[in-house]
Amino acid sequence: MPTFTIHPPRGDVRHLVIVFGDQLDRDATVLQEMDKQRDAVLMMEVAGESTHVPSHKQRTVLFLSAMRHFALELKKQDYRVIYQRLDDDDNPGTFHQAITTAVKIYKPARLRCTLPGEWRVLQMLQSLAGKLNVALDVTDDQHFLTTPAEFSDWAEGRKELVMEYFYREQRKKTGFLMKKDGKPVGGAWNFDKENRETFKSAPKPPAPYTPSVDEITRDVMELVERVLPDLPGKLDHFLWPVTRRTAMKALDDFIDHRLPNFGKYQDAMWTDEPWLYHSRISSAVNLKLLHPREVIERAVAAYESGHAPINAVEGFVRQLLGWREFIRGVYWHEGADYANRNHLDEHGNLPEFYWTGETDMACMRDCLGQVVEHGYSHHIQRLMITGNFALIAGIDPRAISDWYLGMYVDAVDWVTSPNTLGMVMHADGGVVGTKPYAASANYINKMSNYCKNCPYDRKTRGNEDSCPFNTFYWDFLMRNEAKLSKNQRMAMSYKNVARITADEKKNICGRAAERRATFGI
Ligand SMILES: Cc1cc2nc3c(=O)[nH]c(=O)nc-3n(C[C@H](O)[C@H](O)[C@H](O)COP(=O)(O)OP(=O)(O)OC[C@H]3O[C@@H](n4cnc5c(N)ncnc54)[C@H](O)[C@@H]3O)c2cc1C
Ligand code: SF4
């Protein structure tokens, strides 16, 4: 007995409402405006979305299982649903083909959808609607607190887009963590100084809530292993919410058990501790199972009731109200060609160990191992380990961005691209971050215990056993001196470069070239 069957509707369709896998929002305007008798929802499982960049098996299972649960919920509410399954004999493999076929069969007068999370998909829809001679309505996504137009209004005419200023505006606009006199609650806009503790003497974080794998998810796992066996990543431990109900439980669990310590240990990294005090809710928010407003409201309420301190709550609110909205604003504001920027002109290959986690660098092994196992690592691991390595080793920004897009359960282009190309790779020349987050083993050793179990020497930079992060860090600064040395925020780094003798510079560059060859970069 199959767990998931949806019979296609009979007859013509007035409006065909396309719901993509990251748009599982029961309250979406396009759904609210439907005439349930005359219109129909189209949902599509297509292999192309898992293979145009190789997508982690868990990411693929998460999207498909959440879509199936959502489609069944729509059916229960009497929506007419056309559902293309991955294993349907007639599955065409791409959105483009699946929509073309549905339009030919159902002859809708209009295609309707919420703004997709990707320029590629929006442009495909626009060109397809023209070719098929059918009208297309694209509505704003209610699952954000700022529209792309509002962000562009804010950004227009500014010399630099600084997240901190955007965030303060957001606080004032929404009233979150604001006092009646217009001042921030707690007397400061941020508490970053209190939020940099290492994990060394931290209490062990309680195990996070993990939803059980139901029959629909089990079927999808089997389907993915059968139809897309070559996708990267492992499926052994699938722990992501695929319904609104389980997403709400994951949020409750975070607020109750981990939020109070979120701030303090936000930047910490520790071997075999993938979650620490992080929320693990990004995939649920990005698939629209949770609304960012309700998440923020819960965190603020935890502060107001005395359950969590201000440094934790402000730190968490900043991520959602500040960074998440800012990143999305940048994505639409900067335009489709953002994807191709390469300010530092880097072209190295992505090493094979990014797909397997098999490397002797302890920090990379831990972080990449987590990604292969869970499709997840937390922010500082993404930024300061796997991202930092790609930046300083000179990997092609598109190659590393595609890796992040495929390998993380929470990845959607609007959020992955600016975080990777902008924040990590400085490929946008300073739109997202005013300077590159390049770092050597000093930083990694301060914020983690990785270096203690590593065969490399974290204190040297040009020797055979020197930490590759050190060799690449100094090589990065030297090779990009013309582009970066005038940046005020890099002044200290370039003072240190100036102290290196010509012989040592030559030695570091030679060692970096040798390492790049060994790693296949
Ligand atoms: C190279 C790189 C790639 C990234 N790719 C993604 C991605 O594909 N999808 C994604 O959702 N996030 C991405 N991020 C941002 C961030 O790392 C993740 O949102 C976070 O680690 C998710 O884990 P969590 O839910 O436990 O987050 P927590 O640490 O608990 O943070 C709470 C929430 O804040 C939001 N958030 C925090 N930082 C950011 C940010 N920089 N941009 C957007 N939202 C943020 C997320 O919704 C997150 O769930 C990326 C960061 C980097 C440096
Ligand atoms: S020594 Fe270098 S490679 Fe090893 S864990 Fe430390 S930073 Fe990573």
Side-chain angles (χ1 to χ4, degrees), residues 50-60 228-237 269 271-272 274 282 339 342 344 346-413 415-427 436-439 441 444 448 450 454-456 467-473 475-476 512-521:
S50 290
T51 54
H52 79 99
V53 298
S55 171
H56 195 298
K57 283 180 180 153
Q58 292 207 23
R59 178 172 182 261
T60 305
L228 297 165
D230 298 331
L231 293 184
K234 294 185 182 165
L235 263 184
D236 308 335
H237 303 111
M269 300 177 276
T271 311
D272 294 333
S282 48
N342 189 351
L344 298 178
E346 302 283 21
H347 299 277
N349 296 319
L350 189 71
E352 185 56 28
F353 55 68
Y354 269 80
W355 302 102
T356 61
E358 285 162 19
T359 163
D360 52 4
M361 289 178 279
C363 53
M364 291 289 276
R365 191 174 57 237
D366 191 70
C367 296
L368 293 168
Q370 272 175 229
V371 179
V372 172
E373 198 72 23
H374 300 297
Y376 176 95
S377 60
H378 68 69
H379 186 68
I380 294 299
Q381 294 173 314
R382 297 185 205 199
L383 182 62
M384 300 310 295
I385 307 289
T386 45
N388 179 25
F389 183 89
L391 169 74
I392 59 182
I395 289 168
D396 185 293
R398 200 59 248 164
I400 184 71
S401 185
D402 283 351
W403 178 81
Y404 277 105
L405 184 61
M407 287 301 276
Y408 282 79
V409 289
D410 55 22
V412 186
D413 200 47
V415 57
T416 317
S417 263
N419 269 304
T420 307
L421 297 172
M423 195 182 297
V424 163
M425 299 303 288
H426 205 64
Y437 283 91
I444 296 170
S448 76
Y450 293 142
C454 186
Y456 291 103
C467 165
F469 279 81
N470 290 348
T471 312
F472 285 141
Y473 172 75
D475 181 64
F476 168 80
E514 193 186 296
R515 286 248 184 273
R516 266 194 283 274
T518 317
F519 291 147
I521 295 169

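For the numbers below, each heavy atom of this structure counts, side chains included, while hydrogens, waters and symmetry mates do not. Starting from 1, each residue takes its place in the sequence as its number.
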Thr60 and Leu228: CA distance, side-chain angles, deciding distance, side-chain contact (heavy atoms from CB on, under 4.5 Å) verdict: CA-CA 9 Å; Thr60 305; Leu228 297 165; 4.3 Å; yes
Out of curiosity, [X] [atom1] to [Y] [atom2], how far, rounded to the nearest 0.5 Å?
| X | Y | atom1 | atom2 | answer |
| --- | --- | --- | --- | --- |
| Thr471 | Glu514 | OG1 | CD | 9.5 Å |
| Thr271 | Arg365 | OG1 | CZ | 8.5 Å |
| Met384 | Tyr437 | CE | OH | 8.5 Å |
| Ser448 | Asp366 | OG | CG | 8.5 Å |
| Asp230 | Lys57 | CG | NZ | 7.5 Å |
| Asp475 | Asn470 | CG | CG | 12.0 Å |

Audit row: Val372, Thr356, side-chain contact (heavy atoms from CB on, under 4.5 Å) steps and yes/no: CA-CA 7 Å; Val372 172; Thr356 61; 5.6 Å; no
Parallel, tilted or perpendicular, as decided by the 30° and 60° cut-offs, for the rings of Tyr354 and Phe389: tilted
Mutual orientation of the aromatic rings belonging to Phe472 and Phe519 [parallel < 30°, tilted 30-60°, perpendicular > 60°]: tilted
Tyr404/Asn419 under side-chain contact (heavy atoms from CB on, under 4.5 Å): CA gap, chis, key distance, verdict: CA-CA 10 Å; Tyr404 277 105; Asn419 269 304; over 6 Å; no
Donor-acceptor pair, side chain of [X] and main chain of [Y], under 3.5 angstrom:
| X | Y | value |
| --- | --- | --- |
| Arg382 | Gly387 | no |
| His378 | Pro274 | no |
| Ser55 | Thr51 | no |

Chi angles and distances behind the side-chain contact (heavy atoms from CB on, under 4.5 Å) call for Gln381, Thr386: CA-CA 7 Å; Gln381 294 173 314; Thr386 45; 5.7 Å; no
Heavy atoms from other residues, nucleotides or ligands near CG of Asp272 exceed 12 (cutoff 6.0 Å): no
Lys/Arg cation over aromatic Tyr376: Arg59, 6.0 Å, 45° cone: no
